[in-house]
Amino acid sequence: MSVGLRALFGAKDEAPSFTVNTAGDKPDIVIFLTDEQRHDEVGYTSAGYYETPVLDALAARGTIFENAYSGSTVCVPSRGSLLTGLLHHRVPTQVNGMALEEGFFTVAHALRSAGYFTALVGKMHFFPMYARHGFDVMKLAENLVPFSGYERGEVDDYHRFLLWQGRSDAAATHMFGPNDAALAAAFTANYSAVPFPYDRSLHPIGWMEKTALDVIRERPARQPLFLIVSYPRPHAPYDPAEPYASMYEPKDARIPEDGYGVNETLPDDFRQSFDRADRQRHTVQPVSRIPKDVLRRVLSYARGLIRHIDDSMGAILGALDQDETVTFFTSDHGTYSGHRGLIGKVPWLPFDDLAKVALACRTPDGRPGARVSAPVQSFDVAMTCLDYAGITPPRGVFDGVSLRPTLRGERAPDDRAVFSCTSMGWPMIRKGSLKLVRRSGTGAETLFDLERDPGETRSFLDDPANARAAGELRALLDQALAKKMPALPRYVEKHAARRRV
């Protein structure tokens, strides 16, 4: 039986023509999301250098998307796209111009209204912290660092748990008082590589594992589950717990060979962005400024965090019927990790270092061992979730598409245009091997050819052979940027009270 979305969802505004198939069993849906993890920092893309046996097994039984692009190179907008299936410039925002406006359509709202029990464990970087976006349960573990944007005294579930244990988090001490020394210590802790001082069960990853298992165990009977497990690592601070802190020797860390000098051949508008970020934000960190022993420790600790996440995923998946569950793995965006001679994610330019992400999916009806080279968007996950839940969205409204046909064996179109950073000043479009990036404000453009120059070191815009293709990309990007915010269901549910110490 199918019903209209308006009747089922109870939204306050006029709803577009969604339909919901209420017949049949609905699969559980689980999304594993990491924070600031490169597309090549997983086992199946790194020849095992990053050890992710659980993820590798999931991918071997499902589909790997080799060219998935995030909606943004920045945390908050990328997560807004993941929840809505929309490019971020089409999402209503609040507070800081990036955070998803409370009450706007999300896949969690849709699935909840269609009978799913919806839960979020970990980091989502909502503003306010406990904004209601369609989750029955939210157990949060945010990065409460000085520049997180949260108010002093605003505390998440994980840090409240630590306080109950009589423990503290050096990187979050500024949240509990105005002490300038604490603020300085927090900044230092966030940009250093120091092992976690407590047992692995008290680490954010360990706490999330137990919390997710509690959610699965205590879920309401006879309701399908929609669960997002969103890890706040391997984002800094690089603080693996034992045994992960000692798992990889710093001397074995691979320092990328494409040093800071590769940026010197970029067009002026790109080079200026590096200088501007360094001068204004003081967060550009060329590897040349970092002692090699510190850099090696950072890279080895990041490997340890990735392995801890993988082990945690294994425990959570062990509590589910994996043959009857739709499971996704992806990241909000990437990081430089020493590439281009940089640490971190600034400047927020849509190089593949930041815009391209790992994406793997296992489904009950999928093809084991499939690899898809055609470009996709990581926020296609939202539309894919709706598809498996029996919800058909209106045509032409969303920017994401359901990947279910591809997961079941249909060929994905090689000529699909994908986008990133449409709200962050550097809108990007990729089609085929060509990628056009525009600098908002000046209109300056750069064309990368990922086949001839995979390191994205120079522009091919002046090559006459690319004139027609560049014009097509320019027109498609203009069309995408001109698209307005869609009319979608609004929800009147209000956020929970802000939690303070």
Side-chain angles (χ1 to χ4, degrees), residues 32-38 40-60 121-123 139 141 143 145 158-159 161-162 164-172 188-214 216 229-255 291-320 329 331 335 337-338 343 358:
F32 291 104
L33 180 65
T34 60
D35 192 350
E36 206 170 290
Q37 182 174 356
R38 290 176 59 90
D40 52 8
E41 290 181 341
V42 298
Y44 63 77
T45 58
S46 67
Y49 174 73
Y50 291 93
E51 295 184 312
T52 57
V54 172
L55 174 58
D56 293 352
L58 183 151
V121 175
K123 175 184 178 180
K139 299 293 186 180
N143 274 340
V145 294
Y158 168 68
H159 288 89
F161 162 77
L162 277 187
W164 285 341
Q165 298 288 325
R167 312 298 175 93
S168 65
D169 178 358
T188 301
N190 190 58
Y191 281 100
S192 61
V194 179
F196 190 68
Y198 313 129
D199 182 78
R200 60 186 283 188
S201 64
L202 301 181
H203 192 276
I205 298 170
W207 177 85
M208 286 179 56
E209 177 185 319
K210 180 183 183 303
T211 303
L213 291 172
D214 288 343
I216 293 169
V229 183
S230 180
Y231 297 98
R233 301 290 190 276
H235 187 292
Y238 304 102
D239 63 345
E242 292 293 358
Y244 304 100
S246 302
M247 191 168 285
Y248 304 103
E249 290 287 345
K251 64 180 179 62
D252 297 328
R254 297 177 181 173
I255 298 178
K292 284 291 178 67
D293 61 328
V294 174
L295 176 61
R296 291 184 183 278
R297 189 163 65 248
V298 165
L299 297 177
S300 64
Y301 280 6
R303 289 176 74 193
L305 290 167
I306 290 168
R307 179 57 190 269
H308 191 181
I309 289 171
D310 193 74
D311 286 348
S312 172
M313 287 173 51
I316 295 167
L317 288 172
L320 297 164
F329 172 88
S331 187
T335 180
S337 288
I343 288 291

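Start at 1 with the first residue, then count along the sequence.
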Practice task
For residues Y198 and S168, report the shortest heavy-atom separation together with the two atoms involved.
Solution key: OH-O, 3.1 Å
Problem - L305 side, atom CG; H235 side, atom NE2 - distance, nearest 0.5 Å - result: 12.0 Å
Practice task
Kindly write out the residues that satisfy side chain to side chain donor-acceptor pair (under 3.5 Å) with Q165, not counting sequence neighbours, or none if the list is empty.
Solution key: none
Handout entry: Y244: partners by ring-ring contact (aromatic ring centres under 6.0 Å, His included), with sequence neighbours left out
Key = H308
Problem - Spacing of D311 atom CG and T52 atom OG1 [to the nearest 0.5 Å] - result: 10.5 Å
Completion exercise
For D214, the side-chain contact (heavy atoms from CB on, under 4.5 Å) test, sequence neighbours excluded, returns K210, R217, E218
Completion exercise
dist F196:CZ -> L202:CG (nearest 0.5 Å) comes out at 5.5 Å
Problem - Residues in side-chain contact (heavy atoms from CB on, under 4.5 Å) contact with R254, at least two apart in sequence or another chain - result: Y49
Exercise for the section: With sequence neighbours left out, write down each residue that passes side chain to side chain donor-acceptor pair (under 3.5 Å) with Q37, or none if nothing qualifies. Expected result: T34
Fill in the blank from the handout: D310 meets the side chain to side chain donor-acceptor pair (under 3.5 Å) criterion, sequence neighbours left out, with none
Practice task
Please identify each residue that fulfils side-chain contact (heavy atoms from CB on, under 4.5 Å) with A319, with sequence neighbours left out.
Solution key: L213, I216
Handout entry: Closest heavy-atom pair and its distance - N143, P232
Key = ND2-O, 3.5 Å
Completion exercise
salt bridge (charged side-chain N to carboxylate O under 4.0 Å, His left out) filter on E36, not counting sequence neighbours, yields K345
Problem - Test item: F32 and L55 side chains (from C-beta on) under 4.5 Å apart, heavy atoms - result: no
Handout entry: Any residue meeting side-chain contact (heavy atoms from CB on, under 4.5 Å) with A57, in chain and number order, not counting sequence neighbours
Key = R61
Exercise for the section: Go through the steps for I205 and E209 under the test side chain to side chain contact (heavy atoms under 4.5 Å, CB included), then give the verdict. Expected result: CA-CA 6 Å; I205 298 170; E209 177 185 319; 5.6 Å; no
Completion exercise
Residues passing the side chain to side chain donor-acceptor pair (under 3.5 Å) test with Y231, sequence neighbours excluded, are S312
Problem - Interatomic distance, W207 atom CH2 to K139 atom NZ [nearest 0.5 angstrom] - result: 7.0 Å
Practice task
Let me see the working for D239 and H203 under side chain to side chain contact (heavy atoms under 4.5 Å, CB included), right down to the final yes or no.
Solution key: CA-CA 9 Å; D239 63 345; H203 192 276; 3.2 Å; yes
Exercise for the section: Just grab all the salt bridge (charged side-chain N to carboxylate O under 4.0 Å, His left out) pairs involving residues 195-207, residues at least two apart or on different chains. Expected result: none
Problem - Qualifying side chain to side chain donor-acceptor pair (under 3.5 Å) pairs, either residue in residues 292-305, two or more places apart - result: none
